[in-house]
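First the structure, which I've put down as structure tokens, then a few questions once you've had a look.
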Amino acid sequence: MSYNFKEVEKKWQDKWDKEGTFQAKQDFKNPKKWYGLIEFPYPSGQGLHVGHPRSYTALDIIARKKRMDGYNVLYPIGFDAFGLPAENYAIKNHVHPKITTENNINHFREQLKSLGFSFDWSREVNTTDPDYYKWTQWIFIQLYKKGLAYKATMPINFCTGCKVGLANEEVVNGVCERCGSPVVQKEKSQWMLKITEYAQRLIDDLDDIDFLEKIKAQQKNWIGRSEGAEVNFKIDSTDDSLIIYTTRPDTIFGATYMVIAPEHKMIEKQADKITNLAEIKAYQEKAALKSDFERAELNKEKTGVEIQGLKAVNPLTGEKIPIWVSDYVLITYGTGAIMAVPAHDDRDFAFAKKFGLPMKQVIEPKNASVKIDLEKEAFTDVEDGVAVNSDFIDGLPVKEAIAKVIEYLEANKIGTKKVNYKLRDWVFSRQRYWGEPIPMVYCETCGWVPIPEEELPLKLPDIEDYEPSENGESPLAKQLDWIQTKCPHCGKKAMRETDTMPQWAGSSWYFLRYMDPHNEKELASKEALEYWSPIDWYNGGMEHTTLHLLYSRFWHKFLYDIGVVPTKEPYQKRTSHGMILGTNGEKMSKSKGNVINPDDIVEEFGADTFRVYEMFMGPFDQVAAWSMESIRGCGKFLDRVWNLKDMLVDDENYLPEHEKMMHKAIKKVSNDIEEMKFNTAIATFMTMVNEFYKDKKLSKGEYKTFLQLLNPFAPHMTEELFEEIGESKTIAQTPWPTYDEAKTIDDQIEIPIQINGKLKTTITIPKDLAEEEIRKKVHENEVVCKNVENKTIVKEIYVNGKIYNIVVK
RNA sequence: GCUGAUGUGGCGAAAUUGGUAUACGCACAGCACUCAAAAUGCUGCGGGAAACCAUGUGGGUUCGAGUCCCACCAUCAGCACCA
């Protein structure tokens, strides 16, 4: 009888749905809880991508195993449904995003169910549901109340395609992360969130959580902490001074000029003293036309203009040094001004070379054998440097010199120790319709006032015209009757904020809502938060490391600070899956025509085969190209499993000839699941099946264990087969198989014998044989005799149970 | 340039963490079943006649290295004038 996966899969999916098999237990009695989380999808019109199930299947396997291990498991799902595609679709086709979103969610839900994930569907959340975004808005108001949300007019990244402001994190290579249009700088009043206030904690607390090393490294890199000093350089014959930031205060004696960013306000302040103001202004204008990206692109050639009429005074040498304007100094980092030490900084070196500026060596290599050539390149080595020509720090290694200079600067009040971060505050406004309205009102008298919390949610009004206005205002700006309101503070006429929140808002806390999704009084109850926090395991894409993952950690820390959540960090463990590429090894895209539709795969091979294949493709954390031949192989494997029932021997125990294999397999599969080594777990299953086929028999006990182990991978087929042998329970209700360590050890072991480290032969011995006996056996061996003949044995090494090596001369 | 990975058969990949390199799968070939094909089952499958040689390249440590150390090369991802 052949396997009808369509019928079987439908049968079990319906049963799970009807019985709510995988719903998390509502009571909090079981102290063993496990909360597994996958990134909830954006319900795009294209439907599910084959990449989604890679992550979902992995955690589904772990979740199913954890349930069998006796845990109360929460494995929820929802939809991150605000965002531009639905809005752009609405602009084109005049269909309300609400409708598109609902249709897409229905499609996604069906697709996800067809894959047999053990999600708790009773907790499904949807970020566009007013009952949900009520709490997103509530969190925003709390941020505002604590001074962490503020309005600022500042140059922002503006996407010329989407016509919205973007956060730094959303700009990739100078173009919009979403639509690929060029990004320009634009002055705009925006809501900002002070993520920078949490920069240090976002670094420090990484030490206490189990994130993949590359994720931690990427987050640290993005936050970009650097330690240094701010130093005050007086401007000669004025009361003004230039504050610079440096990580190398030890090189201050080698500062031969200063550089300020074109936007630096000192230029305006000292305009009357500058003798070449026209030239400076021209340079400023030229720089303003370039985006940050273009500036960085023009990496090779540095440009700049000297400010005539002004000199800075080196506070340690008293030397008067020139001041230059150049766009290699960024106004957005540090103080927008630097001291240039061309002998010990690559960029300063390039600039000094180009403009013929003087260089002064103040650091030399400790290691005399290191040759440096300051004509060719700067000497920047921190580990190997010693100060010279530097007065009171002469002879000190760089690190000590830095400490000494800072001490001096602070004692003389000309500078302070300072930590800087690359991380910037989060631009939180979007001039778009399909997002959470920002619950703020502007009153002429009172300024910005949050709307009263009891009025939440502030619902998004229904509109007809989704087109953003040409001046870049949100479509909501045209909804006059919605905008006009009363000031909650003084009662006078006031206007609503028309910007909406970015897509990252709803996803910054959704995992909390899953804990108590229908709560009308709080975002989640204290009990639920206490019980389920933190998330035990969160798997998602690397592309979210500096966006979603950082943002949600920030919000969570804030919620911790105001006493809403019980843990500092939301996620105890974070892992990441590799991308699935098309059959040609390229990223799947419509234009390349290499998109694999999960529906087609389920239709042709069934969900179980699909799941097994995605887990068998290769190491979970690495990219893998789709292969139609390989998925067929996985289908063949499941067919062989299906046909095992013809070889069943009626015996509840393991057969003697299979006992070792069974115990080893339980151990291997259990460990592999915990370590996400799904591919080798499946290889173990295949080896077992090959063994059963070879012997043409397996006991009922072996069969049951095998089905239990395979169940998290191929849940439908295994449940069906389990039911067929007359089991009253489903596999999901049975405990995970256990193994006996003693029974995983072979009685007879094969020992490889090497001569001079090269394998010559092997002998088989009982596992506990004494070393003397083994030695005797080795020397009786024919191959060994031949190889040691006429040679002197220098040494013999026996590593217990592993190897025997004879060294001869 | 910086950070983090990766490099093993024709292909996807394993290797108990320093101890028999190539498990498992795909592709391929042969055999069985069949009138035939498909499906299925079984067998073989790094190179070499062999000694031996093979884990990106070149060194090193070790009785022994895919695994550790040093120096390179290539590919991928992220960041990038961050002072």
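Proteins come first, then strands; the chains are lettered A, B, ... in the order of their sequence lines, and each starts at number 1. Every value quoted in this text rests on a predicted model; they were computed, and no experiment measured them.
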Out of B:rA83, B:rG41, B:rA15, which has the shortest distance to the side chain of A:D345?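 Looking only at side-chain atoms, A:D345 lies closest to B:rA83.
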CZ/A:R574 to NE2/A:H544 distance, rounded to the nearest 0.5 angstrom?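 A:R574 CZ to A:H544 NE2: 8.5 Å, rounded to 0.5 Å.
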Nucleotide of B:rC79, B:rA15, B:rA83 approaching A:N221 most closely (side-chain heavy atoms): B:rC79
Contact check, side chains of A:R640 and A:F692, non-hydrogen atoms, under 4.5 Å: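 No, too far: nothing below the 4.5 Å cut-off.
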When you compare B:rG46 with B:rU55, how far apart are their C1' atoms, in angstrom units rounded to a whole number? 11 Å
Re B:rA50: Watson-Crick or G-U wobble partner, both distances kept under 3.5 Å, found to be none
Quick one: which of B:rC81, B:rC26, B:rG78 gets closest to the side chain of A:Q218?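 Looking only at heavy atoms from C-beta outward on A:Q218, the closest nucleotide is B:rG78.
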Using purine N1 to pyrimidine N3 plus N6-O4 or O6-N4 for Watson-Crick, or N1-O2 and O6-N3 for G-U wobble, each under 3.5 Å, what pairs with B:rG7? B:rC73
Below 30° counts as parallel, above 60° as perpendicular, anything between as tilted: where do the rings of A:Y551 and A:W426 land? parallel
Of the listed nucleotides B:rA83, B:rC79, B:rC24, the one nearest the side chain of A:M686: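 Nearest nucleotide to the side chain: B:rC24.
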Can you tell me which nucleotide in B:rA27, B:rA83, B:rU3 comes closest to the side chain of A:E629?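 It is B:rA27.
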From CG of A:L638 over to C1' of B:rG25, roughly how many Å is that when rounded to an integer? 13 Å
Taking B:rC45 as the reference, what is the distance to B:rC35 when you measure between their C1' atoms (whole Å, please)? 32 Å
Selection from B:rA15, B:rA83, B:rG25 that lies nearest to any side-chain heavy atom of A:F616: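 For the A:F616 side chain, the nearest candidate turns out to be B:rG25.
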Give one of base, sugar-phosphate or nothing for A:Y693, where a contact means two heavy atoms less than 4.0 Å apart. sugar-phosphate
